[in-house]
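Basis for what follows: all heavy atoms, side chains included, without hydrogens, waters or symmetry-related copies. The structure displayed is predicted, hence computed values, not measured ones. Throughout, protein chains are lettered first and strands after them, A, B, ... in sequence-line order, and every chain is numbered starting at 1.
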2 protein chains.
Amino acid sequence: MSKQELVVVGQDSAEGCCPTLLTAPLDEDQAADLAKVFKALGDPVRLRLLSMIASRAGGEVCVCDLTPAFDLSQPTISHHLKLLKQAGLIDSERRGTWVYYRPLPQMTDRLAAVLTRPAEPSMPPTTPAGAAS
Amino acid sequence: MSKQELVVVGQDSAEGCCPTLLTAPLDEDQAADLAKVFKALGDPVRLRLLSMIASRAGGEVCVCDLTPAFDLSQPTISHHLKLLKQAGLIDSERRGTWVYYRPLPQMTDRLAAVLTRPAEPSMPPTTPAGAAS
DNA sequence: AGCTTGCATCGACAGATGTCGAATCAAGTG
DNA sequence: CACTTGATTCGACATCTGTCGATGCAAGCT
């Protein structure tokens with residue numbers, strides 16, 4: 001039978017910090033939550049859209065600049081942008097005739113954190129920066 | 001038409017280093033490649049499976065320990081494990097009657113890297129601590 | 001050899017997803 | 001106001017996905 005005790009964390013009990021999927025089993029809610037975002041990233045078109053938008057960090061991209069980069073209809077691009085927005089990865093704002101999309105780094109930061117395994121317990125990277133320059 | 005030149009990288013030209021989706025537009029191949037992995041993570045069951053397996057880093061988990069954690073049929077769990085394996089996120093080994101799965105940290109490391117934005121490249125003069133409010 | 005247990009594969013099916021064209025809404029221009 | 005351009009929403013449709021039960025295969029046991 002083997003009844004391996006699946007390590008019952010205690011490390012990420014904080015709350016919304018969601019510290020890593022790799023150190024402790026996710027509960028159903030967290031899994032469902034994260035899955036929505038990963039699903040949004042699970043399409044090549046959306047990944048490219050996000051990278052186009054995010055690589056303009058601080059800036060914005062007009063839909064009119066995104067659409068022509070694909071061999072897809074404009075409604076389809078709009079649909080993908082909507083999904084990215086619902087996933088909390090981007091946000092949009094209408095200005096005049098055009099609509100601009102911009103990245104919401106918080107979400108990608110969260111995902112990165114969730115996928116980052118804590119430093120091997122043998123090298124504390126606590127370099128006290130901010131001394132020079 | 002505006003033909004904004006969407007920054008043609010040069011930073012991640014290395015090769016397999018795939019440094020960040022957030023600093024430069026992904027090309028179609030990279031996007032398709034990454035999308036497969038994100039898609040594998042885009043399901044709550046698979047996320048939980050991965051977290052169960054990965055939180056045993058260095059170790060392994062017997063399928064017989066994973067299956068009972070879900071209200072799903074055994075074939076369904078097997079199916080999800082297969083997808084995770086095909087995505088390069090886990091690997092399996094048969095030992096005697098049992099099959100053990102273990103994490104492949106390289107892939108999650110890669111994803112984390114792709115989602116991690118490099119230190120602010122332009123660091124705008126952020127309030128030189130001390131200025132009045 | 002037969003039987004039992006653990007996992008994977010197969011075939012089927014309901015529901016979700018990506019895509020399109022057409023229609024609609026939003027703003028600016030004549 | 002009529003007209004044009006940019007973007008979203010709608011309805012339809014083919015495909016993909018998650019799930020199941022049944023079946024098949026691999027190892028160990030009696």
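- Atom CZ of A:R94 is separated from atom C1' of C:dC25 by 8 Å (rounded to the nearest Å).
- Applying the 4.0 Å criterion to OP1 and OP2 of C:dA8, one finds that B:K82 has every side-chain N and O outside that range.
- Put simply, CD on A:Q74 is 5 Å from C1' on D:dA7, counting in whole angstrom units.
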| task | Any chance you could lay out the salt bridge (Lys or Arg N to Asp or Glu O under 4.0 Å) test for B:D33 and B:R110, step after step, and finish with the verdict? | result | CA-CA 12 Å; B:D33 214 40; B:R110 181 183 169 201; 3.4 Å; yes

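- The phosphate of C:dC20 has OP1 or OP2 within less than 4.0 Å of a side-chain N or O from A:T76.
- Between the P atom of C:dG18 and the CG atom of A:L41 lies a distance of 12 Å, rounded to the nearest Å.
- Between B:P25 and A:M52, the shortest heavy-atom distance links the atoms CB-CG, 4.1 Å.
- Of the side-chain N and O atoms in A:R46, one or more sit less than 4.0 angstrom from OP1 or OP2 of C:dG18.
- Between A:V45 and B:L81, the one whose closest nucleotide on DNA chain C sits nearer the 5' end is B:L81.
- For the pair A:D43 CG and D:dT17 P, the interatomic distance rounds to 11 Å; values are reported in whole Å.
- B:L66 approaches B:F70 most closely through the heavy-atom pair O-CD1, 3.3 Å.
- For the pair B:W98 CH2 and D:dG28 C1', the interatomic distance rounds to 8 Å; values are reported in whole Å.
- Contact annotation: A:Y100 side-chain N/O to D:dG6 OP1/OP2 distance is not under 4.0 Å.
- Across all strands shown, A:L72 has heavy atoms under 4.0 Å from sugar-phosphate atoms exclusively, and none from any base.
- Taking 4.0 angstrom as the limit, A:H80 places a side-chain polar atom (N or O) nearer than this to OP1 or OP2 of C:dT19.
- Atom NE2 of A:H79 and atom C1' of C:dA16 are 10 Å apart (whole Å).
- The interatomic distance linking A:K39 (NZ) with D:dC16 (P) rounds to 17 Å, in whole Å.
- Closest non-hydrogen pair, B:L47 versus A:A35, comes out as CD1-N, 3.4 Å.
- When all heavy atoms are compared, the tightest approach of B:L84 to B:L50 is CD1-N, 4.1 Å.
- Note: NZ (A:K36) to P (C:dA16) measures 14 Å, nearest angstrom.
- Map B:V63 and A:L83 each onto its nearest nucleotide of DNA chain C; the residue landing nearer the 5' end is B:V63.
- Closest approach to the B:S73 side chain among D:dG18, D:dC20, C:dT19 is made by D:dC20 (side chain taken as heavy atoms from C-beta onward).
- Residue B:T97 places none of its side-chain N or O atoms closer than 4.0 Å to OP1 or OP2 of D:dA27.
- An OP1 or OP2 oxygen of C:dG6 is reached within less than 4.0 angstrom by no side-chain nitrogen or oxygen of B:Y101.
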